[in-house]
Amino acid sequence: MILWAVAIYMVVGTLIALYAKRGIKTQEDYFLANRRLGGIVSALTYASTTYSAFMMVGLVGLAYATGVGSAGFELMYLVGTVFLLSYYAPKFWSMGKEKGYVSPVEVFEDRYGKFVSTLSSIFALIALIPYTSIQIMGSAYLLGIDYTLAVLIVAFVIAFWAFLGGMKSVAITDAVQGVFMLLMAIVAVIWTAKNVAFGIPDSAVFPNEFWTPLRFASLTLPWFFFALTNPQVSQRMFVPKDDKALKRMVILFAIFGLIYTALVTILGLSLRLGTDLGRFPLVSYRDRVTPTLLSMMPEYLAIAVALSIIMASVTTANSIVLTLSSMLLRDVLKDRERIVLGKVFVVVLTVVLIFFALQRPGYIVELAVLSSTILLCQLPLILGVFHFKFGGRVTGLSTLTAGFVTAVVLSLLRVPWTSIAVFFVSFAVFFGVGLIERSKTT
């Protein structure tokens with residue numbers, strides 16, 4: 001039955017994509033929906049791009065396994081995002097409209113030079129492959145068929161819609177899917193409360209063995225700055241049609257995010273309470289908590305909730321693929337005219353994601369945080385564009401390289417404070433090299 005539901009979902013989404021492809025003539029049309037999205041659609045595409053399989057699979061499992069620290073972890077993201085959007089979104093929107101930026105790292109080019117924007121795009125590509133692959137992994141776990149075949153089906157949906165209609169297609173499908181995601185999270189919590197348990201278990205204390213202060217700080221630091229460092233969401237600051245739509249986007253996203261975060265974390269905590277009470281099986285691999293819950297639900301309800309998670313995964317993944325395609329096209333190849341190469345990149349990137357997802361590289365939450373940790377190297381450069389007048393090409397290259405190398409090396413060594421190190425190394429290099437570079441030019 002789930003395959004029939006996915007098939008219907010694919011047909012409806014494809015019809016939307018075919019509708020959206022009409023009138024696409026420029027890269028601005030394809031990658032930014034011609035900067036003409038209203039506030040409600042902008043908010044829902046932002047929320048759907050942000051809240052993915054990470055939430056209903058990864059965060060449910062994290063709350064189940066580690067307790068209330070998971071709620072604080074995700075709320076730090078929400079607080080950071082709303083704060084950063086409130087201040088920086090109008091600046092990004094104005095700059096993008098005035099200078100015709102399409103790729104989110106084009107903001108670096110005028111300040112730090114073309115090579116910096118190119119290097120930033122390459123690092124973003126490397127960082128976002130694991131994060132995007134977890135969207136495919138999360139959906140594939142739910143289809144109940146051969147994992148490889150499930151990965152191929154989900155990847156096809158992701159690529160096809162982005163290929164056909166670009167941002168307009170993604171935004172419209174995001175709006176529909178965002179509402180459905182929220183409704184199904186409510187349904188899942190209500191069913192769990194009636195049939196398993198509702199509440200917070202005694203074991204869900206903070207801090208605990210998992211949520212030490214150091215781990216909490218290390219995981220939440222890149223999450224707090226997600227809105228600026230992750231290009232798939234920073235690009236969405238360019239798409240509202242006017243400043244009123246932009247303000248509405250921020251307000252509505254804040255409301256959506258608070259409700260969705262509360263629902264997802266209470267679901268995971270309630271399931272853990274159910275385990276303690278003997279009403280829910282003990283699940284050792286936390287990414288299997290949600291699939292276990294679905295196996296207990298009536299089939300029609302399980303299919304609806306599973307489909308909402310697949311929708312969340314697809315919306316995030318095709319948004320990332322589309323954004324990375326714009327970055328490769330405009331920042332690496334420096335092609336500001338053609339659309340066809342952007343569509344080619346959509347296909348190529350999806351093939352890479354398939355390969356990565358088939359490896360099943362690790363827990364969903366940790367993979368998501370790893371991506372944002374790597375992208376922290378961009379933070380000083382973003383803040384430099386708006387707040388500091390020193391620093392040029394050498395500063396940009398040094399900051400990106402030092403932060404990226406620190407993130408990769410310490411992650412491979414499994415150092416628990418990796419993101420903290422990346423944060424301080426990136427800023428230290430930015431200020432150190434920037435001040436030296438300024439002194440040599442004055």
Using atom types as modelled, flag every donor-acceptor pair under 3.5 Å from a side chain in residues 418-433 to any protein atom, sequence neighbours excluded.
unit_1, atom_1, unit_2, atom_2, d
Thr418, OG1, Val415, O, 2.6
Ser419, OG, Ser218, O, 2.4
Ser419, OG, Ser218, OG, 3.2
Ser426, OG, Val422, O, 2.8

Without placing hydrogens or testing angles, list every side-chain donor-acceptor pair under 3.5 Å for residues 260-275, not counting sequence neighbours.
unit_1, atom_1, unit_2, atom_2, d
Thr261, OG1, Gly257, O, 2.8
Thr265, OG1, Thr261, O, 2.8
Thr265, OG1, Ala262, O, 3.3
Ser270, OG, Gly199, N, 3.2
Ser270, OG, Ile266, O, 2.7
Thr275, OG1, Tyr64, OH, 2.8
Thr275, OG1, Leu271, O, 3.3
Thr275, OG1, Phe280, O, 3.2
Thr275, OG1, Pro281, O, 3.3

Which donor-acceptor pairs under 3.5 Å do the side chains of residues 166-174 make with protein atoms, sequence neighbours left out?
unit_1, atom_1, unit_2, atom_2, d
Ser169, OG, Trp161, O, 3.4
Thr173, OG1, Ser169, O, 2.9
Thr173, OG1, Val170, O, 3.0
Asp174, OD2, Thr45, OG1, 2.6

- request: Any chance you could lay out the side-chain contact (heavy atoms from CB on, under 4.5 Å) test for Gln378 and Leu400, step after step, and finish with the verdict?
  value: CA-CA 6 Å; Gln378 297 184 8; Leu400 288 176; 4.0 Å; yes
Stepwise side-chain hydrogen bond (donor to acceptor under 3.5 Å, both in side chains) test for Gln27 and Ser326: CA-CA 8 Å; Gln27 289 184 8; Ser326 72; over 6 Å; no
query: Given Ser121 and Arg330, is the side-chain hydrogen bond (donor to acceptor under 3.5 Å, both in side chains) satisfied, shown in steps?
result: CA-CA 10 Å; Ser121 294; Arg330 295 179 67 89; over 6 Å; no
task: Starting from the C-alpha separation in whole Å, work towards a yes-or-no answer on side-chain contact (heavy atoms from CB on, under 4.5 Å) for Thr49 and Thr315.
output: CA-CA 6 Å; Thr49 298; Thr315 59; 5.7 Å; no
- request: Take Tyr101 and Asp110 through the side-chain contact (heavy atoms from CB on, under 4.5 Å) test and state the conclusion after the steps.
  value: CA-CA 11 Å; Tyr101 293 151; Asp110 291 340; 2.8 Å; yes
task: Walk me through it: do Ser234 and Leu228 pass the test side-chain contact (heavy atoms from CB on, under 4.5 Å)?
output: CA-CA 6 Å; Ser234 62; Leu228 293 183; over 6 Å; no
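Under the 3.5 Å distance criterion, the side-chain polar atoms of Thr50 are matched with a main-chain donor or acceptor of Tyr46. Remark: the backbone N or O of Glu28 is not paired with any side-chain donor or acceptor of Arg35 at under 3.5 angstrom. For Thr118 (side chain) and Asp331 (main-chain N/O), a donor-acceptor pair under 3.5 Å exists by modelled atom type. Using a distance-only test at 3.5 Å, with no hydrogens or angles considered, a donor-acceptor pair links the side chain of Ser70 to the main chain of Gly67. A donor-acceptor pair under 3.5 Å is formed between the side chain of Asn208 and the backbone N or O of Phe210. Remark: side-chain polar atoms of Arg279 are paired, donor with acceptor, to backbone N or O of Val196 under 3.5 angstrom. The closest donor-acceptor contact from the side chain of Asp242 to the backbone of Ala245 lies under 3.5 Å.
Considering only residues two or more places apart in sequence or on other chains, Val348 meets the side chain to side chain contact (heavy atoms under 4.5 Å, CB included) condition with Val344. Evaluation of the side-chain hydrogen bond (donor to acceptor under 3.5 Å, both in side chains) rule for Trp211 yields Thr66 as partners, not counting sequence neighbours. By the ring-ring contact (aromatic ring centres under 6.0 Å, His included) test, Phe386 is found to be paired with Tyr88, Phe92, residues two or more places apart in sequence or in another chain being considered.
The two residues Leu252 and Ala43 have their closest heavy-atom pair at CB-CB, 3.6 Å. Smallest separation of non-hydrogen atoms from Lys389 and Arg111: C-NH2, 3.5 Å. Residue Ser42 comes nearest to Val239 through the heavy atom pair OG-CG2, 4.2 Å, listed as atom of the first residue, atom of the second, then distance. When all heavy atoms are compared, the tightest approach of Ser372 to Trp223 is OG-CZ3, 3.4 Å.
More than 12 heavy atoms of other residues, nucleotides or ligands lie within 6.0 Å of CH2 in Trp191, so this atom counts as buried by the packing criterion. For Leu183, the CG atom sits in a packed shell: over 12 heavy atoms of surrounding residues, nucleotides or ligands are nearer than 6.0 Å.
Separation of the Trp93 and Phe238 ring centroids does not fall under the 6.0 Å cut-off. Taking the centre of each ring, Phe206 and Phe216 come in below the 6.0 Å mark.
When only modelled atom types and interatomic distance are considered, Gln177 and Ser48 share no side-chain donor-acceptor pair under 3.5 Å. Ser117 and Glu106 share no side-chain donor-acceptor pair at under 3.5 Å.
The shortest distance between side-chain heavy atoms of Val385 and Tyr112 falls below 4.5 Å.
Remark: Lys343 fails to qualify as a cation-pi partner of Phe345 under the 6.0 Å distance and 45° angle criteria applied to the six-membered ring.
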